[in-house]
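This is a predicted model, so every value here is computed, not measured.
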Amino acid sequence: MAADIAFFLAPDDRTAAATRVGGPGRAFETVTCHFIEPDSAVVEWDMYFEAPSAELPPLEQLHAWEWPGWVAPALNDGAEVFVVPGRLTRALAAAGSGELRELAARWTTRLRHADGDDMTDDDPLAILQGVARLAASAVNSGGGLYCWSC
């Protein structure tokens with residue numbers, strides 16, 4: 001589980017990878033959150049948009065899904081950066097409020113199953129709404145949506 005997570009916009013993989021040490025900071029538009037597994041979250045979100053449902057898919061299906069590509073893999077300090085898949089970026093950008101609410105409810109269920117009382121204190125719906133706004137900006141600007149975590 002990552003303690004600090006920042007979803008952010010960057011023009012390309014190289015620029016995003018350069019944030020691995022220290023994070024994206026104020027130089028990039030970000031949505032921050034804490035104490036989640038960001039790559040698992042992105043996979044959960046991607047699965048939802050591939051087959052929308054309030055039902056939680058089996059954990060085996062989550063593990064078998066295509067995972068995000070790393071632009072700066074984790075080293076000894078634990079910091080890493082990955083690119084959010086383009087199809088998910090486009091789906092989040094186009095998502096309506098009802099879809100985001102349903103996805104947030106499903107994701108919250110997954111978080112509770114995985115982390116119980118240690119679940120993040122952040123609001124999953126607020127995270128998704130913020131990331132969806134970033135996704136819309138990425139689609140409109142031609143840049144990419146990335147995630148830094150440590």
Side-chain angles (χ1 to χ4, degrees), residues 1-17 19-20 23-72 80-150:
M1 178 178 311
D4 296 309
I5 300 99
F7 289 92
F8 67 100
L9 299 177
D12 54 51
D13 290 356
R14 185 176 177 166
T15 304
T19 69
R20 194 193 74 71
R26 294 183 178 148
F28 298 89
E29 186 177 354
T30 63
V31 171
T32 60
C33 54
H34 308 281
F35 301 109
I36 66 166
E37 292 287 347
D39 51 351
S40 297
V42 165
V43 170
E44 184 76 48
W45 304 347
D46 195 32
M47 288 174 59
Y48 172 83
F49 286 109
E50 189 70 23
S53 169
E55 298 298 316
L56 194 63
L59 199 53
E60 296 78 26
Q61 187 178 353
L62 178 84
H63 291 154
W65 203 258
E66 183 179 347
W67 286 67
W70 302 100
V71 297
E80 57 196 12
V81 181
F82 66 82
V83 61
V84 175
R87 70 180 171 272
L88 176 58
T89 300
R90 291 185 297 277
L92 284 165
S97 60
E99 289 173 299
L100 293 176
R101 277 193 303 275
E102 184 175 79
L103 174 54
R106 181 170 122 171
W107 182 36
T108 299
T109 300
R110 175 81 70 199
L111 291 170
R112 282 200 179 108
H113 281 302
D115 302 325
D117 291 338
D118 292 329
M119 190 179 108
T120 181
D121 289 335
D122 292 320
D123 177 8
L125 178 57
I127 295 168
L128 279 166
Q129 289 168 331
V131 174
R133 281 190 298 277
L134 289 178
S137 293
V139 167
N140 291 333
S141 70
L145 179 59
Y146 297 87
C147 182
W148 172 90
S149 64
C150 185

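Each of D13, D12, T89 was scored for a side-chain hydrogen bond (donor to acceptor under 3.5 Å, both in side chains) with Y146, with one residue passing: D13.
Panel note: side chain D122, backbone H34; a donor-acceptor pair is recorded below 3.5 Å. A donor-acceptor contact shorter than 3.5 Å is absent between the side chain of T32 and the backbone of A6. Remark: the backbone N or O of A41 is not paired with any side-chain donor or acceptor of R110 at under 3.5 angstrom. Checked by atom type and distance alone, the side chain of T19 never pairs as donor or acceptor with a backbone atom of T15 at under 3.5 Å. At least one donor-acceptor pair closer than 3.5 Å links the side chain of S53 to the backbone N or O of E55. Distance alone, capped at 3.5 Å, places no donor-acceptor pair between the R112 side chain and the T108 backbone. E102 contributes no side-chain N or O that, together with a main-chain N or O of E99, makes up a donor-acceptor pair within less than 3.5 Å.
Counting only heavy atoms from C-beta outward, the side chains of V71 and R20 never approach each other to under 4.5 Å. Residues Q129 and S97 have side chains not in contact (no heavy-atom distance under 4.5 Å, counting atoms from C-beta outward). Residues V43 and W45 are not in side-chain contact: their nearest non-hydrogen atoms beyond the backbone lie 4.5 Å or more apart.
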Let me see the working for W107 and I36 under side chain to side chain contact (heavy atoms under 4.5 Å, CB included), right down to the final yes or no.
CA-CA 11 Å; W107 182 36; I36 66 166; 3.9 Å; yes
Give the intermediate values and the outcome of side chain to side chain contact (heavy atoms under 4.5 Å, CB included) for residues V42 and F7.
CA-CA 11 Å; V42 165; F7 289 92; 3.9 Å; yes
